[in-house]
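To start, the structure itself, in structure tokens.
Below, chain A is the first sequence line, B the second, and so on; all start at residue 1.
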Amino acid sequence: MEYSILILITPFVLFLFLGLVGGKLKPNLAGIIGTLGMGFCSVLAYSIAYQYFFVIGKTADTWQSVIPFSFEWLRFTELLHIDLGILLDPISVMMLVVITTVSLMVHIYSLGYMHGEDGFQRYYAFLSLFSFSMLGLVVATNIFQMYIFWELVGVSSYSLIGFYYQKPSAVRASKKAFIVTRFADLGFLVGILILSYYTKTFDFAALTANNAELVTTSFAGGTFMGLSLVSWALALIFMGGAGKSAMFPLHIWLPDAMEGPTPVSALIHAATMVVAGVFLVARLFPVYIFGAPEVLTMIAYIGAFTALFAAVIAITQTDIKRVLAFSTISQIAYMMAALGVSGYGDHDGLGYMSSMFHLFTHAFFKALLFLGAGSVIHAVHSNEMKDMGGLHKYMKITSITFFIACLAIAGIPPFSGFFSKDEILAAAFHNQPLIFWTLWVVAGLTAFYMFRLYFGVFFNGKRDYHHKPHESGFTMALPLIILAVFSIFTGFIPFSEYISSDGKPFDMHIDMTVATLSVVAAIVGIAVAYVLYFKDSEKPAMLANRFKGLYTLSINKFYLDEVWLFVTKKVIFNCISRPIAWFDKQVIDGTMDNIANVTQKVSHRVRFLQSGHTQRYIAFFVMGAILIAIAVFIFV
Amino acid sequence: MNILSLFVLIPVLMILFLFLSKEMKTIRTIMVAGASALLAVTAVLIVVFLKERAANPDAEMLLVQSWTWYKPLNIAMTLGVDGISVVMIALSSIIVFTGVFSSWNMNMAKEFFLWYCLLTIGVFGFFITIDLFSMFMFYEVALIPMYLLIGLWGTGKKEYSAMKLTLMLMGGSAFLMIGIIGIYFASGATTFNLLEIANNLHIPIEQQRWIFPATFLGFGVLGALFPFHTWSPDGHAAAPTSVSMLHAGVLMKLGGYGCFRVAIYLMPEAAHELGWIFLILTGISVVYGAFSAVVQTDLKYINAYSSVSHCGLVLFAILMLNQTAMTGAVMQMLSHGLMTALFFALIGLIYGRTHTRDIREMGGLMKIMPFASVCYVIAGLASLGLPGLSGFVAEMTIFVGAFQNTGVFYTVLTIVACCSIVITAVYILRTVGKILYGPIQDTHHIGLPDAAWYEKVSAVGLIVAIVFMGFYPFGISNIISESVLPIITKLSTVI
């Protein structure tokens, strides 16, 4: 399996090549080189997956972790050192498949979508950098390696959100994305520091071995503010995950990140990078469940709340990409909640398995939705739903593939989303009824807002278009079709055979009660959307008027962006930095200047003593002598 | 003859040749040749050092050689290096080299480079000597030219800034001199040699209690220790490009290096006892510098405050008194030196073309000067600690090291210092977003030329070093941590 290192080397070399000499190549050539390179990575990923799942992965009926490659990169102390390596286990191999597939689709799609853009070569260079970083993240053998690649995906995301760097909104969005996630990463870093201080290791295998024995035994039982230290460490690590995976209230960067080119949104902000947080918790799952189950419960509630919260906002958004962005937040929160309600081992680990399952299926249908949206935007040159409508007639392929993706995300059988979502709901149903019912409502809302979007864009009367919209070219249509096929069929994969919380395969089956409930919710959602949005009508406006308060809150995203602006502009800028700068200039520097001034003044005063007049010196001498004589006379 | 003496000899020769030269072309040739020679000697030194190291793994200092100057006062000049000084020498020669290219078109070039070479002598002399007297002498040699270089070739409030910088640093060296005399007499007035004092003599703890603060403060002023850092923003802002590079890149490291080599090495008991006071000050420096940088509008002020923050981290890590953190401190010196020099080189480049350093008056430079802008982004990313560049490895070594100290006090301080990674991101991205991205702010800037070849040499040279360190930290970190070990051993024996 040593060749698996190539999966990291290839995109990195591509990045260097395209970044350094790409500008001298013809744009198309650069794009094709990038795409071929990614194609090679996909082939590698599939062959690794085959090797792992069908040849070497399973011994004694348990999936093993394989480390084909690892070396020490930086040594801190005897025990703590950062290694860079490749860890293959079911979830990392699954992620390799997801990342390379979606990335390849996006590479192909961008050949058409980004055609003629300024900086085409730069775009492909950053796509390669992103793919490299994301692949490095999922195969990390230790938590510090993950942190390294975690930062790297952050910076690639920053560069790609700000791809149109002359557009002020894009620059703002990229800055916001980086700073919000950096803030979350601070938590991650401190969490790593605490965890490694007690366990003396960064290594995932050592941390999770034997039901996370190391973690449960090494923490000395200290507490801080009512929570044990291990809970603090894990909660802080989760904070990093919450930043990347856009959990409330750190989700605010994701909708703005839609300023980037649409294929980038599909790759980074829908399918891969934003699930890094889920992946992180899954990677450390035994540590969470045995070390700090209360943190896991917290994760479940945060997940459920975020799912609902984002779904409510998605209902009223009018920018097609923002609807999808909130939908992404909501779906990732679903996965988080699933991890949160999960138990460990065999069928208790259903939540864990279903979370990974949903991550897998979601990646394909959400990438498809974004690429479909890109195709629409490409045709009508606008992101706003009000500029769209009746497009089904003009863009058959886009419309049909988009429809498939909507069915998948809504959870209609037999599309892939149904299976994974059903397992999540089943896991919640048996563990935390409150979370189950929240997620159930979200399922209905999801179906509603997705079909609101679908009907609104592809049906809903006719618009007068200046240019007649037309179907996108082959390079853009092909990825849509391939992803549609994935969205239909990936649900049939017997996931629990491959992925489970303890590495041992178990049987999963569809829970009929839950399945019925979820399908009913989805159908109701679709039906309502059909009534309201299939034809142009006054009904949505009336409803909006009726629930004015909620509507205003939702369309303004509960004013969290304003809170963010308040915190950055008012608190950090005006209340902390400005006073500090003033203090520095006036008080500290002022003191230094004053010392100099006083010295100067004093020397001015005493200057006349050194006048050079002999008479004066003699006068001083005589006076001094007399004074001393008097003093001697008095005191002695 | 000792290879180390070449580091002083080459700049002396450069000065001689400069005296004889008249034309700009000859001056440039001399400078480039001399700076390249220094780089080459550095490369040889690294090889020689590694060989010697393998031969005598137990020796604290290698290539030691001593000449007596004045027997009655036991003044001698003693050369010697360990891994830390080798790293610092490498940093200095890289920056001297790139600095020459960044001051390609200077007025009164001959005089400028004369002082520049003198500064170089001071810097190298400080790093290659291991006796207090010569160290102090070279330290002063490095400070004095600064006054003229800023006062004559600077911009803006140059006389005020030059005066302020010199006076504050001189104030620091007054403390230092008292400290050094104190060390000499407290250790029995037999030698100035660091190794002998550290290994064979002992300074009584009562004496250490006042000598340690004096020396730490003396060096700390140069290392921009809060609240004695205010010379740095004004000084850097007024200084010409290559002087800023050399000053922030190398001279400020003299402070950290001195604290480490003199204050802590010779007075370990006092370091244990009084370190916490300075630790608080450095903790403040880290966060305070970063927050101050957020609101600055002058590019050089932003970078100067960012230096306060990053150099604060150096002293912070040194005072953590453990091997990992101290290794991190030296790595941070190296990393900060490289990236701040890159920043100043690029700021000089931009200022030379736009004639402004105010970020509110610039915008969209990426479109106008793509090369310089990309380099600026790389410098920014290094500064905010992106993995693969030098800042990350240094900061992480410091944080992990600092966190190994037990006690709530250390833990809290480390977490506070960690916060700087977020604030750094804020001011770096703010600057980059304002000046490089967005629409073009000033139409006069359209058509300004991108970096010239000599500026490219300077920027690329520094970036290569930054990337090298970011990708190959284990080599550097091993050399450093081996050399930190004697100090750590000494520290642990006194508790």
Which of the residues [options] is involved in the greatest number of heavy-atom pairs with chain A at under 4.5 angstrom?
| options | answer |
| --- | --- |
| B/Pro439, B/Gly385, B/Gly433 | B/Pro439 |
| B/Ile476, B/Val432, B/Val426 | B/Val426 |
| B/Val422, B/Val295, B/Ile421, B/Ile415 | B/Val295 |
| B/Ile423, B/Leu167, B/Leu384 | B/Leu384 |

**OP:** Return the set of residues passing side chain to side chain contact (heavy atoms under 4.5 Å, CB included) with A/Ile576 (not counting sequence neighbours), or none when no residue passes.
**Re:**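 Partners of A/Ile576 under the side chain to side chain contact (heavy atoms under 4.5 Å, CB included) test: A/Val571, A/Ile580, B/Phe291.
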Subject >> Set of side chain to side chain contact (heavy atoms under 4.5 Å, CB included) partners for B/Val416, sequence neighbours left out >> reply: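 By the side chain to side chain contact (heavy atoms under 4.5 Å, CB included) rule, B/Val416 matches B/Val287, B/Val412.
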Atom pairs, donor to acceptor, chain A/chain B, distance under 3.5 Å:
from: A/Trp73; atom 1: NE1; to: B/Phe471; atom 2: O; distance (Å): 3.2
from: A/Phe76; atom 1: O; to: B/Thr324; atom 2: OG1; distance (Å): 2.9
from: A/Asp118; atom 1: OD2; to: B/Lys367; atom 2: NZ; distance (Å): 2.8
from: A/Tyr165; atom 1: O; to: B/Gly438; atom 2: N; distance (Å): 2.6
from: A/Arg182; atom 1: NH1; to: B/Leu384; atom 2: O; distance (Å): 2.9
from: A/Arg182; atom 1: NH1; to: B/Ile421; atom 2: O; distance (Å): 3.0
from: A/Arg182; atom 1: NH2; to: B/Leu384; atom 2: O; distance (Å): 2.8
from: A/Lys200; atom 1: NZ; to: B/Gln404; atom 2: OE1; distance (Å): 3.4
from: A/Ser577; atom 1: OG; to: B/Phe291; atom 2: O; distance (Å): 3.0
from: A/Asp584; atom 1: OD1; to: B/His229; atom 2: NE2; distance (Å): 2.6
from: A/Asp584; atom 1: OD1; to: B/Tyr288; atom 2: OH; distance (Å): 2.6
from: A/Asp584; atom 1: OD2; to: B/Tyr305; atom 2: OH; distance (Å): 2.2
from: A/Asp589; atom 1: OD1; to: B/Lys164; atom 2: NZ; distance (Å): 2.5
from: A/Asp589; atom 1: OD1; to: B/Thr230; atom 2: OG1; distance (Å): 3.2
from: A/Asp589; atom 1: OD2; to: B/Lys164; atom 2: NZ; distance (Å): 2.7
from: A/Asp593; atom 1: OD1; to: B/Tyr160; atom 2: OH; distance (Å): 3.1
from: A/Asp593; atom 1: OD2; to: B/Tyr160; atom 2: OH; distance (Å): 2.8

Subject >> salt bridge (charged side-chain N to carboxylate O under 4.0 Å, His left out) pairs, two or more places apart, involving residues 373-388 of chain B >> reply: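 Output for this query is empty, none listed.
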Subject >> Segment of A/Leu193 engaging chain B (4.5 angstrom heavy-atom cut-off) >> reply: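 Its backbone and side chain both get close to chain B.
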Original post:
Checking A/Ile192 against chain B: side chain, backbone, both or neither under 4.5 Å from a heavy atom?
Top reply: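 For A/Ile192, neither part sits under 4.5 Å from chain B.
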**OP:** Would you please classify the geometry between the A/Phe12 ring and the A/Phe132 ring as parallel, tilted or perpendicular, with 30° and 60° separating the classes?
**Re:**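 Aromatic pair A/Phe132/A/Phe12 classed tilted.
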Original post:
For B/Met170, does the CE atom sit with more than 12 other heavy atoms under 6.0 Å from it, leaving out its own atoms?
Top reply: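 Yes, enclosed.
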